[in-house]
Amino acid sequence: MKIAVFAGDGIGPEVTQEAVRVLKALGLPGLELVEGDVGGAAWRKHGHPLPEATLEIARAADAILFGAVGDFECDGLERHLRPEQAILGLRKELGLFANLRPARVFAGLESHSALRPEVAGAIDLLIVRELNGDVYFGEKGIDDLPGGGRRGWDMMSYTDAEVRRIAHVGFKAAQGRNGKLCSVDKANVLETSQVWRDTVIEVAAEYPDVELSHMYVDNAAMQLVKNPGAFDVIVTGNLFGDILSDQASMCVGSIGLLASASMAVGTKGLYEPIHGSAPDIAGKGLANPMATILSAAMLLRHSFGLEAEAARIEAAVAKALADGIFGGDLGGSYGTAAIGDAVLERL
Ligand SMILES: NC(=O)c1ccc[n+]([C@@H]2O[C@H](COP(=O)([O-])OP(=O)(O)OC[C@H]3O[C@@H](n4cnc5c(N)ncnc54)[C@H](O)[C@@H]3O)[C@@H](O)[C@H]2O)c1
Ligand SMILES: CC(C)[C@H](C(=O)O)[C@@H](O)C(=O)O
Ligand SMILES: [Mg+2]
């Protein structure tokens, strides 16, 4: 089992290191870890955020563990050289179109949510975010206007084929959970969303056992804090899924807890926390590595079918949280390495 490890920028290397310690502690036969440069770190070393050598490592690996990219010192670079292009490039190059972002409240964390404990306690949802299309990958530009001033523009689009394949992922995920799928769009305003909604309805005919509902994204943002327990699986586009998943993280307690899997056709996947490089706390040993450790669990489950090992990691994280092992993001004083130690002790 060959796993590429791309730590990246900011807290990326700090949190990835803890997840790697956990993977190594499982004593998995044939485990091979290959490191590669991504993001601002790669740009500094090689002049590109996603060097060809890194892409080759990614292509040769069975799965990828990704930390985070993002470096405010690179924000003045041309867009194709910015750190974020590393993760966007990997998603596109590897065809990772289905992003699974589960959010559930760990026992004992109800009172750490930004919501009231009785509201937060009911959260157990999965956001299925389309990852290869939408306004993220359309043509874009900045025009100088004839009369002075500038106009920035980004083309948003979805083909019905793109919607169909992510809709299937959403319906299948709902079948494996509580049988409810909520498709989130903005069909009252956007033609992109009209195609989205029409296509999801068409695909629904193949899944009579799944209860399908539709919600506009503004209402979904509101319902996510009003009654998040009502959601089972949410399927949505790239941009809406990005925003709603950060919101969901605070509903369960912290962005330092939310893991994700980005899947292509087959078992190859990229696994990363949903958070970024957190420049405000980088280099201080303050980041919560649990989201990355939980991403490693998703890696074992989705790319290698190692359900027992994945569950073992998740149980160790749950136990650490139940025992009050909280990082600063949850109002505690445990640092990155101490949280890693605590999870390892409970494996
Ligand atoms: N997939 C990725 O690599 C990814 C994801 C999101 C943002 N980014 C990039 O990261 C950089 C910073 O972006 P941002 O500040 O908007 O988002 P961020 O997720 O990096 O940080 C937002 C806030 O959450 C906190 N936080 C994030 N992860 C944490 C953790 N594990 N433990 C404790 N606190 C944590 C940060 O300290 C910060 O206050 C930008 O360059 C952005 O483009 C990258
Ligand atoms: C860094 C950025 C490109 C990325 C996204 O917008 O998809 C991030 O916010 C995420 O959630 O993974
Ligand atoms: Mg995001």
Side-chain angles (χ1 to χ4, degrees), residues 6-19 38-43 49-50 64-77 79-92 96-101 103 112 114 127 129-137 140 154 236-250 252-262 270-295 317 325-340:
F6 299 157
D9 303 319
I11 62 169
E14 301 170 47
V15 294
T16 308
Q17 186 176 325
E18 300 310 316
V38 287
W43 175 77
L50 183 57
I64 300 152
L65 183 67
F66 192 95
V69 289
D71 179 340
F72 293 143
E73 284 179 22
C74 297
D75 283 353
L77 295 174
R79 189 159 297 279
H80 74 280
L81 292 177
R82 293 206 202 162
E84 291 80 357
Q85 295 304 315
I87 186 63
L88 296 174
L90 282 166
R91 290 171 183 170
K92 199 67 177 176
L96 303 165
F97 72 97
N99 186 211
L100 313 178
R101 297 189 159 188
H112 286 79
I127 296 177
R129 170 191 178 198
E130 200 288 330
L131 211 53
N132 270 187
D134 205 350
V135 68
Y136 271 62
F137 292 100
K140 54 182 82 232
D154 301 83
T236 191
N238 207 342
L239 181 63
F240 300 155
D242 178 44
I243 298 166
L244 292 179
S245 53
D246 264 34
Q247 187 181 343
S249 75
M250 278 319 292
V252 306
S254 166
I255 193 160
L257 295 175
L258 252 65
S260 84
S262 303
L270 181 150
Y271 303 84
E272 57 168 336
I274 77 151
H275 63 69
S277 57
D280 53 336
I281 56 167
K284 298 178 182 161
L286 295 175
N288 185 347
M290 285 174 167
T292 316
I293 293 171
L294 292 168
S295 298
V317 170
I325 310 292
F326 295 154
D329 55 326
L330 290 167
S333 58
Y334 284 82
T336 312
I339 296 175

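This structure is a prediction, so every number in the text was calculated from the model and none was measured. Both counts, for ligands and for their atoms, begin at 1 and track the order of listing.
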Subject >> Close-contact set for ligand 1 against Ala68 heavy atoms, below 4.0 Å >> reply: 3 (O)
Original post:
How far is atom 17 (O) of ligand 1 from its nearest protein heavy atom, and which residue and atom is that?
Top reply: Gly276 N, 4.4 Å
Subject >> Inter-residue atom distance Asp280.CG - Phe72.CZ, 0.5 Å rounding >> reply: 7.5 Å
Original post:
Does a salt bridge link Glu272 with Arg91, judged by any charged N lying under 4.0 Å from a carboxylate O?
Top reply: yes
Subject >> Any protein heavy atom nearer than 4.0 Å to atom 13 (O) of ligand 1 >> reply: no
Original post:
Identify the closest protein heavy atom to atom 9 (C) of ligand 1: which residue and atom is it, and at what distance?
Top reply: Val69 O, 3.1 Å
**OP:** Report the nearest protein non-hydrogen atom to atom 43 (O) of ligand 1: residue, atom name, distance rounded to 0.1 Å.
**Re:** Glu84 OE2, 2.5 Å
Original post:
Tell me: protein heavy atom nearest atom 20 (O) of ligand 1, and distance?
Top reply: Ala278 N, 2.8 Å
Original post:
Should the proximity of Asn288 to ligand 1, defined as any heavy atom under 4.0 Å, be assigned to the side chain, the backbone, both, or neither?
Top reply: both
Subject >> Under 2.8 Å from the Mg ion (ligand 3) - protein N/O/S, by chain and number >> reply: Asp242 OD1
Original post:
Which atoms of ligand 1 are found less than 4.0 Å from any heavy atom of Gly70?
Top reply: 41 (O)
Original post:
Among protein heavy atoms, which lies nearest atom 26 (N) of ligand 1, and at what distance?
Top reply: Ile255 CG2, 3.7 Å
Original post:
Is a donor on one side and an acceptor on the other found under 3.5 Å between the side chain of Thr336 and the backbone of Ala287?
Top reply: yes
Subject >> Qualifying residue for side chain to side chain contact (heavy atoms under 4.5 Å, CB included) with Pro289, from Glu18, Glu14, Gln17 >> reply: Glu18
Original post:
Are Arg129 and Tyr136 in a cation-pi contact, defined as NZ or CZ under 6.0 Å from the six-membered ring centre and within 45° of the axis?
Top reply: yes
Original post:
When you look for heavy atoms under 4.0 Å from ligand 1, do you find them on the side chain of Pro279, its backbone, both, or neither?
Top reply: side chain
Original post:
Near Ala287, which atoms of ligand 1 are under 4.0 Å from a heavy atom of that residue?
Top reply: 32 (N)
**OP:** Any chance you could measure Phe66, atom CZ, to Leu270, atom CG, to the nearest 0.5 Å?
**Re:** 6.5 Å
Original post:
Side chain of Asn288, backbone of Leu257: donor and acceptor closer than 3.5 Å?
Top reply: no
Original post:
Which residue and non-hydrogen atom of the protein lie closest to atom 29 (C) of ligand 1, and at what distance in Å?
Top reply: Ile11 CD1, 3.9 Å
Original post:
Are any side-chain N or O atoms of Asn238 and backbone N or O atoms of Asp134, one a donor and one an acceptor, separated by less than 3.5 Å?
Top reply: no
Original post:
So which heavy atom in the protein is nearest atom 36 (C) of ligand 1, and how far is it from that ligand atom?
Top reply: Asp280 OD1, 3.4 Å
Provide, line by line, the atom pairs where ligand 2 and the protein bring an N/O atom each to a distance under 3.5 Å; else say none.
{"from": "ligand 2", "atom 1": "6 (O)", "to": "Tyr136", "atom 2": "OH", "distance (Å)": "2.5"}
{"from": "ligand 2", "atom 1": "7 (O)", "to": "Arg91", "atom 2": "NH1", "distance (Å)": "2.7"}
{"from": "ligand 2", "atom 1": "7 (O)", "to": "Arg129", "atom 2": "NH1", "distance (Å)": "3.3"}
{"from": "ligand 2", "atom 1": "7 (O)", "to": "Arg129", "atom 2": "NH2", "distance (Å)": "2.7"}
{"from": "ligand 2", "atom 1": "9 (O)", "to": "Asp242", "atom 2": "OD1", "distance (Å)": "3.2"}
{"from": "ligand 2", "atom 1": "11 (O)", "to": "Arg101", "atom 2": "NH1", "distance (Å)": "3.3"}
{"from": "ligand 2", "atom 1": "11 (O)", "to": "Arg101", "atom 2": "NH2", "distance (Å)": "3.1"}
{"from": "ligand 2", "atom 1": "11 (O)", "to": "Asp242", "atom 2": "OD1", "distance (Å)": "2.9"}
{"from": "ligand 2", "atom 1": "12 (O)", "to": "Arg91", "atom 2": "NH2", "distance (Å)": "2.7"}
{"from": "ligand 2", "atom 1": "12 (O)", "to": "Arg101", "atom 2": "NH2", "distance (Å)": "3.1"}

**OP:** May I ask which of Glu272, His275, Arg82, Lys284 has a heavy atom nearer to atom 28 (N) of ligand 1 than the others do?
**Re:** His275
**OP:** Evaluate side-chain hydrogen bond (donor to acceptor under 3.5 Å, both in side chains) for Ser277 paired with Asp9, printing each intermediate quantity in order.
**Re:** CA-CA 6 Å; Ser277 57; Asp9 303 319; 5.8 Å; no
**OP:** Rounded to the nearest 0.5 Å, what's the gap from OG on Ser245 to CG on Leu100? Could you check?
**Re:** 11.5 Å
Original post:
Considering only the protein, which heavy-atom contact is closest to atom 11 (C) of ligand 1, and what is its distance?
Top reply: Ser277 OG, 3.2 Å
